[in-house]
Amino acid sequence: MAMAAILLLFLTLFSNSKADRDFDVRQHLSTVTRYGAVKDIVDNSFIPSDIPQGCTPIHLNLVARHGTRSPTKKRVREMEKLASHIKELIEDAKQRNLSLQKVPAWFHNWESPWKGKLKGGELDIKGEEELYQLGIRVRERFPDIFNEEYDPDVYPIKTTQIPRASASAVAFGMGLFSGKGSLGPGRHRAFAVTSESRASDTILRFFECCQTYKDFRKNQEPSFNKLKEPILTEITSALAKRYDFNFTRQDISSLWFLCKQESSLLDITDQACSLFSPTEVALLEWTDDIQMFMVKGYGKSLNYRMGVPLLKDVLQSMSEAINADKDNQVPGSYEKARLRFAHAETVVPFSCLLGLFLEGSDFERIQKEEPLDLPPKPPQKRNWRGSIVAPFAGNNMLVLYSCPANSSSKYFVQVLHNEHPIPMPGCGSTDFCPFQVFKDKIVEPHFMHDYDTLCNAHLDESKHKPETSKLSQLFRWIFRLGGNDDTPSHGVEL
């Protein structure tokens with residue numbers, strides 16, 4: 001019995017150490033994950049459809065996130081504060097005569113790599129490469145779609161007015177049209193990239209134009225912080241014992257952010273990331289994924305239903321392509337691909353509108369307006385992972401196929417997520433769906449929700465409310481002074 005127990009302990013320790021060696025933190029950074037680290041991670045239990053012989057791709061819709069970017073100005077300041085606090089922690093350890101052998105070597109001379117940086121959030125060189133290579137792969141994969149001479153009406157490229165998104169669109173276009181022009185050694189060609197005003201872009205920045213959503217997101221922060229607190233407290237306590245430092249929850253939050261930035265931008269995994277065990281990384285990743293679920297994903301239907309204008313735009317482009325195919329329009333006279341570049345706040349809701357990454361019967365639940373459970377906590381497996389749903393350069397491609405007349409349907413839609421076929425629960429969990437089924441079961445049920453009604457109805461109501469007279473306001477104020485009114489006052493921000 002004793003030998004069996006020792007053997008079991010040895011096997012457990014061996015398997016755990018092997019799991020730790022196989023653990024790649026670069027695949028567990030939620031939405032800060034670089035595209036190359038996760039783009040080929042797929043669900044091996046799903047077998048993609050065989051495209052029937054004779055079916056030809058005739059149109060492509062792309063909704064992509066910008067590539068890997070630098071930290072924002074707010075985060076740059078946070079990293080500089082962290083550098084100062086690390087110095088204070090080391091000084092405190094010296095004054096307490098603690099052994100400095102436990103202090104991570106990189107702590108001693110660490111400075112923020114972004115120290116003194118005045119701006120932030122711009123597309124990184126790695127992000128440029130991600131989108132450039134994606135453009136090349138898309139062209140090579142769909143030669144039937146990208147076989148026309150470039151024309152902005154045949155291959156419209158649309159982006160938000162945020163520089164990292166527009167720069168991503170340019171990098172993608174350079175890859176897509178490389179060798180097709182006469183500019184420079186790469187024989188590049190000029191192409192058009194268009195965008196709507198940030199104030200009115202309800203197709204790609206619907207989240208910024210939706211006042212109801214902005215109010216919801218602001219009010220949701222306390223709930224999320226409360227959910228996150230026990231995890232941060234647990235990991236703070238573990239690291240404090242491990243390194244004899246008086247870490248705070250804010251320290252752990254900042255060190256986790258540093259881990260994500262070092263891994264994705266600098267390919268450094270042996271500094272901030274090495275402070276955390278794989279189990280702790282999984283928990284921190286889960287808290288990020290939960291936040292994404294609550295404020296960008298299935299946590300509230302408003303999060304994705306405000307993306308209906310984008311879904312309508314996709315359906316319109318498909319319908320026009322079908323009409324062009326039926327009418328045998330002259331090549332070059334109609335649109336063959338609509339290419340869009342935006343943000344995680346665009347890609348995540350769009351994925352939800354398609355019903356992707358749901359667990360079990362959740363598709364039926366969202367159709368019935370029933371709330372979904374939060375994604376399960378590690379070590380349980382979950383479909384909802386930010387590193388897969390919306391990494392840097394994460395994308396959804398909807399490819400429209402024209403099939404022979406003798407097939408079950410003339411037109412089909414295939415959905416590719418990060419370039420791989422993905423099942424659609426609304427179409428029998430296949431990735432290759434008859435267009436009419438895609439339209440009837442997945443797309444059009446969302447159209448009962450009007451964007452203006454969802455996002456700005458309460459603003460219209462406030463406009464039409466009769467103004468309370470100044471005299472009645474004065475009387476109420478006087479009565480409050482004279483009496484014991486415990487009713488809280490609710491100020492309205494305009």
Side-chain angles (χ1 to χ4, degrees), residues 42-64 134-151 153-156 176 310-340 350-351 353-358 363 367 395-447:
V42 295
D43 179 5
N44 292 324
S45 65
F46 173 68
I47 301 174
S49 303
D50 290 326
I51 306 299
Q53 190 173 5
C55 291
T56 306
I58 60 171
H59 191 270
L60 181 143
N61 273 281
L62 170 68
V63 179
L134 178 61
I136 291 174
R137 289 195 300 273
V138 168
R139 183 185 70 190
E140 291 176 346
R141 183 168 187 167
F142 300 105
D144 291 330
I145 291 178
F146 296 100
N147 58 356
E148 302 290 343
E149 188 69 26
Y150 168 74
D151 185 279
D153 292 327
V154 178
Y155 304 114
L176 186 67
L310 172 57
L311 191 62
K312 285 184 176 179
D313 189 60
V314 168
L315 184 65
Q316 177 203 20
S317 69
M318 288 183 179
S319 300
E320 290 174 356
I322 288 173
N323 290 335
D325 185 64
K326 286 179 177 177
D327 295 342
N328 291 315
Q329 291 183 21
V330 178
S333 65
Y334 58 90
E335 180 184 286
K336 298 193 73 171
R338 194 170 293 187
L339 311 163
R340 307 169 187 81
F350 185 65
S351 296
L353 287 169
L354 299 178
L356 309 183
F357 303 106
L358 288 171
F363 185 75
Q367 285 189 315
N395 57 84
N396 286 314
M397 282 186 274
L398 286 76
V399 188
L400 181 67
Y401 282 83
S402 176
C403 294
N406 61 355
S407 64
S408 60
S409 175
K410 172 67 174 169
Y411 299 101
F412 286 80
V413 177
Q414 185 182 43
V415 176
L416 307 176
H417 181 78
N418 296 343
E419 305 175 63
H420 294 279
I422 187 168
M424 290 177 280
C427 192
S429 293
T430 180
D431 61 297
F432 196 67
C433 185
F435 173 76
Q436 199 60 45
V437 176
F438 175 79
K439 181 180 176 182
D440 294 344
K441 299 290 187 182
I442 296 176
V443 176
E444 290 196 335
H446 291 298
F447 290 174

Note: Asp313-Arg340 ion pair, threshold 4.0 Å (strictly below)
yes
With no hydrogens and no angle check, do the side chains of Tyr411 and Asp325 hold a donor and an acceptor under 3.5 Å apart?
yes
Which atom of Leu356 lies closest to which atom of Pro423, heavy atoms considered:
CD2-O, 3.7 Å
For Lys410 and Cys403, indicate whether the former's side chain and the latter's backbone hold a donor-acceptor pair under 3.5 Å.
yes
Ile442 and Met424: which non-hydrogen atoms are nearest, and at how many Å?
CD1-SD, 3.8 Å
Heavy atoms of Val437 and Cys427 approach each other most closely as CG1-SG, 3.8 Å
Please determine if Arg338 and Glu320 form a salt bridge, counting it only when a charged side-chain N lies under 4.0 Å from a carboxylate O.
yes
Which value, rounded to the nearest 0.5 Å, describes the distance between Leu60 atom CG and Leu400 atom CG?
9.5 Å
Angle between ring planes, Phe432 versus Tyr401, binned at 30° and 60°: parallel, tilted or perpendicular?
perpendicular
Report yes or no: is the cationic atom of Lys336 (NZ for Lys, CZ for Arg) closer than 6.0 Å to the six-membered ring centre of Tyr155, at no more than 45° off its axis?
no
His59 side chain to Val399 backbone, donor-acceptor under 3.5 Å:
no
How far apart are the C-alpha atoms of Tyr334 and Asp327, what are their side-chain angles, what is the distance that settles it, and do they pass the side chain to side chain contact (heavy atoms under 4.5 Å, CB included) test?
CA-CA 11 Å; Tyr334 58 90; Asp327 295 342; over 6 Å; no
Gap between atom OG of Ser429 and atom CG of Leu358 - 0.5 Å precision:
9.5 Å
Name each donor-acceptor pair under 3.5 Å that joins a side chain in residues 49-58 to protein atoms two or more places apart or in another chain, with its distance.
{"unit_1": "Ser49", "atom_1": "OG", "unit_2": "Thr430", "atom_2": "OG1", "d": "3.2"}
{"unit_1": "Ser49", "atom_1": "OG", "unit_2": "Asp431", "atom_2": "OD1", "d": "2.7"}

Note: Ser408 and Phe412 closest approach over all heavy atoms is OG-CZ, 3.5 Å
Within the side chain of Asn61, is there an N or O that forms a donor-acceptor pair under 3.5 Å with the backbone of Leu398?
no
Output yes when a side-chain donor or acceptor of Arg141 lies under 3.5 Å from a complementary backbone atom of Glu419, and no otherwise.
yes
Heavy-atom distance under 4.5 Å between the side chains of Phe435 and Leu315, does that happen here?
yes
Counterpart residues, side-chain hydrogen bond (donor to acceptor under 3.5 Å, both in side chains), relative to Asn396 (two or more places apart)
Ser351, His417
Do Asn395 and Leu62 have side chains that get closer than 4.5 Å, going by heavy atoms?
yes
Nearest 0.5 angstrom please: Ser402 OG to Lys326 NZ, how far?
10.0 Å
About how many Å separate NE2 of His446 and CG of Leu353, when rounded to the nearest 0.5 Å?
5.0 Å
Supply the atom-to-atom distance Leu354 CG to Leu311 CG, rounded to the nearest 0.5 angstrom.
6.5 Å
Any heavy-atom pair between the side chains of Leu176 and Ile136 that's under 4.5 Å?
no
Backbone N or O of Gln329 within a donor-acceptor pair of the Ser333 side chain at under 3.5 Å?
no
Which value, rounded to the nearest 0.5 Å, describes the distance between Glu444 atom CD and Gln436 atom CD?
7.5 Å
